[in-house]
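This report concerns only the one structure given below.
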There are 2 protein chains.
Amino acid sequence: MTKRIEREPAVPANPGESVTLIDVARVAGVAPMTVSRALHRPELVRSDTQKKVLDAVRATGYVPNMLAGGLASNRSKLVAILLPTIANSIFADTVQSLMDGLTSSGYQTLLGLTAYSTAREEALVEAILGRRPDGIVLAGTRHSDATVDRLSKAKIPVVEIWDLTDTPIDMVIGFSHEQVGTEVARHLFDKGYRKFGIVSVDDPRGLRRCESIKSELARLGVAEPAFEVLPAPATLQAGREGLGRILAASTPDIIVCSSDTLAQGVLAEAASRRLSVPHELAVMGFGDLSTAAHVYPALSTVRIDGITIGAKAAEALLARFAAVPRSEVVRTQVKIDTGFTIIDRQST
Amino acid sequence: MTKRIEREPAVPANPGESVTLIDVARVAGVAPMTVSRALHRPELVRSDTQKKVLDAVRATGYVPNMLAGGLASNRSKLVAILLPTIANSIFADTVQSLMDGLTSSGYQTLLGLTAYSTAREEALVEAILGRRPDGIVLAGTRHSDATVDRLSKAKIPVVEIWDLTDTPIDMVIGFSHEQVGTEVARHLFDKGYRKFGIVSVDDPRGLRRCESIKSELARLGVAEPAFEVLPAPATLQAGREGLGRILAASTPDIIVCSSDTLAQGVLAEAASRRLSVPHELAVMGFGDLSTAAHVYPALSTVRIDGITIGAKAAEALLARFAAVPRSEVVRTQVKIDTGFTIIDRQST
DNA sequence: CTGTTAGCGCATTCAG
DNA sequence: CTGAATGCGCTAACAG
């Protein structure tokens, strides 16, 4: 009965226990410190020593313990990301590009989901700071006082994304939701629409865009829009429901939605009611997710470049990490407006 | 927000440095170990001592260092999750419920994105094991030998989800993609369809479902389906493109898609070609995401209960964590088939 | 119920 | 270029 011969580690070290730097050092015939250097700063080690160490690493199956490393060096190589949710997330592109940037520099990602609750965010921030992350990325700029306080005192870079503020905790990369609302309103007004309906979920940033639309419309002398708010998360079904409610009470010529998903639901409902879009009813979304782009010729929207937001956030963090005197806490007040683009796909 | 007067910690501890357990102990007038206990095992501490400690924690602004705690206790309270991607992810529900379950027990989540690459998965597993997570969840059951080896030797629970296998690394919770394919094929055959088209992205599990459909159709004596594979990730645009290609060469009466997103793209393309669904062309998807559910009356699909998968995975992990002798590594061979449901929304 | 001792595995800091 | 001593902050194990 020949069992396949398993290549067991040449030197089993502490039987049953995990392999440590010391075990590797013993096998390689060098000091532990040399193993550490060979692994993290190979340029400081002669190449034959380097080779001995790498061989020993392979032979022992050593996996560095980053808890110990982080504790000793005070650098965890961990970045925390706090998002409201990942369900059909408008943040997917951003997270992907952010993680790509961080991963390729050896950083790992701790994920926290806040469900749009500042209380939950506060608890998560506290818990996560216990991991001593080297940096933290938050969606949004509205936080509880306690969160702001904790984050300000934590001596790590903080990036707030997908929004803008004049008083960032540290760095902020995003765009103005108020400006989105204002420009959407003006754009549609200029195109001649006068009877507005608005469908939103109760995401705080989405609501701010909606409020901004309403203010601008009021300023332009347009009648108060029909406004329906549905519970998050945005689903196609919520969009259908929203349009249904609006049509029960009014006959708008344009429906503005707080997200593309909602807008797609509105389109589905319009189709089932045999309303021709955009002729009888025009629809505007928000997000221009890559999954939806260019599919519904009648769907105008606001394009947000989530990839750039993620990439710039990664870049900003990495720049800070590289800055030499980590003790010297810098709050650079980086503020990047990534802007947005109104995409008009309606030929009214 | 007006700048409020910040309540500085009553006892600034080591000026500039971070507050440690020792600082808290000093302020509370107890031993460090008592602080640790008050925080983690309050039932072992007299309630007045407990109160002194909590006051001191608040006064100092202490945040426990979990790197140190993890190192000392050999329990990191970290669970790693490896997914292919989070873009319009079919895994969103699963991740959400998994994280809900873990978070409420004080576990935090390390996220890794593999992009459907086993090589990348291998690198991530190695890096992540360096954090000494208490458990790890992987999407899928197909991994490189090195990954399986590392994971088997790591003395932590491993849960493979969204698939099934007879040789799990440890625990597996999901359903059989082959079975999905077989049953979809039979279902559609029974409904009378004979001219099949299949649109998929090159996600390995999606492809396995498609292959299984093809085998079953062959077995049933149906003509070879038109088969179009597009690069991941699944987008509406990819669905449109896929249907376009298929119609260029054949005239199927049913299109089976590897995901709902793709199916929605197919529906969009069908609509733009004025094909009536399901009369002229029926469409079947996969996933039945909550965002899409019940919106396209003509879209049949396969419903997967991602929430249950996530919840059971969390439950399985927590059960293992609670098992007393952590040294005693158990590989329970938990194997849960969460099944799936074919949803027929076509009245052909 | 509380305190003491010891050390988790590694990197910093110096010395050679 | 390599090595030895020291401690990061915390908790296990035991003693009181």
Side-chain angles (χ1 to χ4, degrees), chain A residues 13-14 16-26 28-53 56-57 60-78 106 129-132 134 155 324-327, chain B residues 13-14 16-26 28-53 56-57 60 62-78 129-132 134 155 324-327:
Chain A
N14 337 328
E17 294 305 314
S18 74
V19 181
T20 76
L21 206 59
I22 297 182
D23 302 317
V24 178
R26 191 167 31 234
V30 299
M33 199 52 237
T34 302
V35 176
S36 175
R37 274 194 282 257
L39 258 22
H40 300 299
R41 324 229 4 217
E43 71 277 13
L44 298 183
V45 159
R46 266 200 347 239
S47 68
D48 58 331
T49 317
Q50 166 78 359
K51 183 175 181 319
K52 281 193 297 186
V53 169
V57 166
T60 54
Y62 172 66
V63 178
N65 184 329
M66 301 187 78
L67 296 178
L71 180 61
S73 67
N74 202 28
R75 306 175 97 277
S76 62
K77 285 250 161 189
L78 222 43
L129 286 180
R131 301 281 171 195
R132 300 295 187 268
D134 289 338
K155 292 163 185 169
V324 195
R326 265 175 63 84
S327 44
Chain B
N14 335 329
E17 294 307 314
S18 73
V19 181
T20 76
L21 204 59
I22 297 183
D23 301 316
V24 178
R26 189 165 36 228
V30 300
M33 196 55 231
T34 301
V35 176
S36 174
R37 275 195 282 254
L39 259 21
H40 300 299
R41 322 226 11 213
E43 71 278 12
L44 297 183
V45 159
R46 262 197 355 235
S47 68
D48 58 331
T49 317
Q50 165 80 357
K51 184 179 178 320
K52 282 193 295 187
V53 170
V57 165
T60 53
Y62 172 65
V63 178
N65 184 329
M66 303 187 77
L67 296 178
L71 180 61
S73 68
N74 201 28
R75 306 172 98 282
S76 62
K77 286 247 158 193
L78 222 42
L129 286 179
R131 301 280 171 195
R132 299 299 188 265
D134 290 338
K155 292 162 185 171
V324 195
R326 263 175 66 84
S327 45

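On a predicted model such as this, the values are computed, not experimentally measured, just so you know.
For I22(A) and dG9(C), the CD1 to C1' distance is 7 Å, given to the nearest whole Å. Atom CG in L44(B) sits roughly 9 Å away from atom C1' in dC1(C) (whole-Å rounding). Rounded to a whole Å, the CE atom of M33(B) is 12 Å from the C1' atom of dG9(D). Residue L67(B) contributes atom CG, which lies 13 Å from atom C1' of dC8(C) at whole-angstrom precision. K51(B) has its NZ atom 19 Å from the C1' atom of dT2(C), to the nearest Å. The interatomic distance linking R41(B) (CZ) with dC10(D) (P) rounds to 18 Å, in whole Å. Across the protein-nucleic acid pair, D23(A) atom CG and dG9(C) atom P stand 9 Å apart, rounded to whole Å. Atom CG of L21(B) is separated from atom C1' of dG7(D) by 16 Å (rounded to the nearest Å).
P32(A) comes within 4.0 angstrom of no nucleic acid atom, judged by non-hydrogen atoms across all strands.
Other residues, nucleotides and ligands place no more than 12 heavy atoms under 6.0 Å from the CD1 atom of I22(B).
Remark on DNA chain D: of its neighbouring residues M66(B) and R37(B), the 5'-side contact belongs to M66(B), judged by nearest-heavy-atom nucleotide. Along DNA chain C, the nucleotide closest to Q50(B) and the one closest to L71(B) are compared, and the more 5′ of them pairs with Q50(B).
Distance check: K155(B) NZ to D134(B) CG gives 14.5 Å after rounding to the nearest 0.5 Å.
The side chain of T20(A) lies closest to dG9(C), out of dG9(C), dC10(D), dG3(C). Side-chain atoms of A68(B) lie closest to dC10(D) of the nucleotides dC10(D), dG3(D), dC10(C).
The shortest distance between the side-chain N/O atoms of T49(A) and the OP1/OP2 oxygens of dT2(D) is below 4.0 Å. Between S36(A) and the phosphate of dC10(C), there is no side-chain N or O to OP1/OP2 separation shorter than 4.0 Å. For dC10(D), neither phosphate oxygen OP1 nor OP2 lies less than 4.0 angstrom from any side-chain nitrogen or oxygen of S73(B).
Here the side chain of R41(B) pairs no donor or acceptor atom with the backbone of A38(B) at under 3.5 angstrom. A donor-acceptor distance shorter than 3.5 angstrom exists from the side chain of S76(A) to the backbone of R132(A), with no hydrogens or angles considered.
A salt bridge between D48(A) and K51(A) is absent, with no side-chain N of the basic residue lying under 4.0 Å from a carboxylate O of the acidic one.
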